[in-house]
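A short worksheet on the structure shown next.
Letters A, B, ... mirror the listed sequences (proteins, then strands); counts begin at 1. Since we're looking at a predicted model, the values are computed, not measured. Below, all heavy atoms of this structure are taken into account, side chains as well, without hydrogens, waters or symmetry copies.
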Amino acid sequence: SNDTITKDEL
Amino acid sequence: MNIFRLAGDMTHLASVLVLLLKIHTIKSCAGVSLKTQELYALVFATRYLDIVTDFISVYNTVMKLIFLGSSFSIVWYIRHHRVVRRSYDKDQDTFRHYLLMIPCMLLALFVHEKFTFKEVMWTFSLYLEAVAILPQLVLLQRTRNIDNLTGQYVFLLGAYRGLYIFNWIYRYFTEPHFVHWITWIAGVVQTLLYADFFYYYFESWKNNVRLQLPA
């Protein structure tokens with residue numbers, strides 16, 4: 001899975 | 001960003017504003033669990049470690065600052081504000097934090113995507129957020145008369161979690177490789193904790209009576 005995808009959520 | 005995500009964030013923001021409104025203007029934190037607020041402050045402090053290392057967007061950074069600032073100021077108000085602290089239901093708000101914090105930390109140490117400090121802290125924040133509402137729900141159950149603002153605060157928080165689930169469903173179908181089990185399971189568990197509250201919230205709204213949770 002890609003870090004940047006969920007880390008854009010709050 | 002999809003509509004569910006935006007609506008979720010706005011509901012979250014609204015919940016914080018409702019709580020600050022109650023504390024700041026009415027100068028009362030009656031029915032508000034300090035334990036839950038301290039857990040949220042810890043959730044944001046451990047989740048947003050990336051605020052200084054990664055830049056995602058202005059929106060993202062601003063929202064993170066708002067959630068960090070509001071959660072710590074709410075804790076400060078309840079603990080230290082001369083007037084507000086007197087309305088705190090200390091004897092009722094007896095849930096012990098460490099019963100939630102320790103299992104969440106252990107789980108994060110064993111179940112995570114990557115074993116790095118930032119990643120384990122981020123995972124810990126997801127697990128902790130899932131259960132952080134529990135002291136508040138226990139306090140609501142003990143409080144005979146739940147005032148409107150406190151009821152709305154918890155309702156908005158629950159709505160925010162529900163909207164995030166729709167956001168994940170939407171992203172799963174529109175973005176390639178959008179599979180995040182840890183986030184999803186923690187998020188679904190968190191939303192389920194509100195099910196009972198929602199039931200009584202809608203019942204009281206439908207019957208136009210004051211919200212009261214059964215003991």
Side-chain angles (χ1 to χ4, degrees), chain A, chain B residues 1-2 4-6 8-13 16 40 43-44 47-51 53-57 59-68 71 112-114 116 118-119 121-123 125-126 129 160-161 163-165 167-168 171-172 174-184 186-187:
Chain A
S1 57
N2 185 345
D3 258 13
T4 54
I5 297 176
T6 35
K7 301 302 194 304
D8 69 4
E9 293 185 344
L10 298 157
Chain B
M1 182 159 39
N2 63 70
F4 302 111
R5 164 70 199 285
L6 183 65
D9 286 350
M10 290 305 115
T11 318
H12 191 188
L13 194 60
V16 172
Y40 280 136
V43 163
F44 296 131
R47 183 172 308 166
Y48 299 159
L49 289 174
D50 64 353
I51 200 168
T53 56
D54 303 285
F55 178 77
I56 294 154
S57 64
Y59 172 84
N60 194 274
T61 304
V62 169
M63 292 295 268
K64 281 174 175 169
L65 288 173
I66 291 174
F67 291 133
L68 277 169
S71 60
H112 48 250
E113 285 186 12
K114 265 191 301 185
T116 61
K118 223 166 78 176
E119 192 69 22
M121 289 315 240
W122 183 79
T123 313
S125 83
L126 287 179
E129 189 189 359
Y160 140 64
R161 292 317 309 184
L163 286 162
Y164 255 66
I165 292 180
N167 154 57
W168 294 327
R171 294 186 79 168
Y172 177 78
T174 54
E175 291 172 26
H177 316 300
F178 189 73
V179 178
H180 294 285
W181 291 113
I182 293 176
T183 318
W184 293 349

Heavy-atom check, side chain of Leu10(A) versus side chain of Phe44(B), under 4.5 Å: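 No, too far: nothing below the 4.5 Å cut-off.
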Side-chain heavy-atom pair Asp8(A), Tyr59(B) within 4.5 angstrom cut-off: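 A side-chain contact is absent here, since even the closest heavy-atom pair is not under 4.5 Å.
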Engaged part of Asn167(B) at the chain A interface, taking heavy atoms whose separation is under 4.5 Å: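 Just its side chain gets close to chain A.
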Which portion of Asn60(B) sits near chain A, non-hydrogen atoms under 4.5 angstrom: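 Answer is both: backbone and side chain atoms of Asn60(B) are under 4.5 Å from chain A.
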Which residues pass the side chain to side chain donor-acceptor pair (under 3.5 Å) test with Thr53(B), sequence neighbours left out?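 For Thr53(B), the residues satisfying side chain to side chain donor-acceptor pair (under 3.5 Å) (neighbours in sequence not counted) are Lys118(B).
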Looking at Arg5(B), Lys64(B), His12(B), Met63(B), which one has more heavy-atom pairs under 4.5 Å with chain A than the rest?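 Ranked by heavy-atom pairs under 4.5 Å with chain A, first place is Arg5(B).
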Quick one: pull up NZ in Lys7(A) and CG in Asp50(B) and give me the separation to the nearest 0.5 Å.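 Interatomic distance, Lys7(A) NZ to Asp50(B) CG, rounded to 0.5 Å: 7.5 Å.
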Before accepting this row, confirm whether a basic side-chain N of the pair Glu9(A)/Arg47(B) lies closer than 4.0 Å to the acidic partner's carboxylate O.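 Salt bridge between Glu9(A) and Arg47(B), a charged N being under 4.0 Å from a carboxylate O: no.
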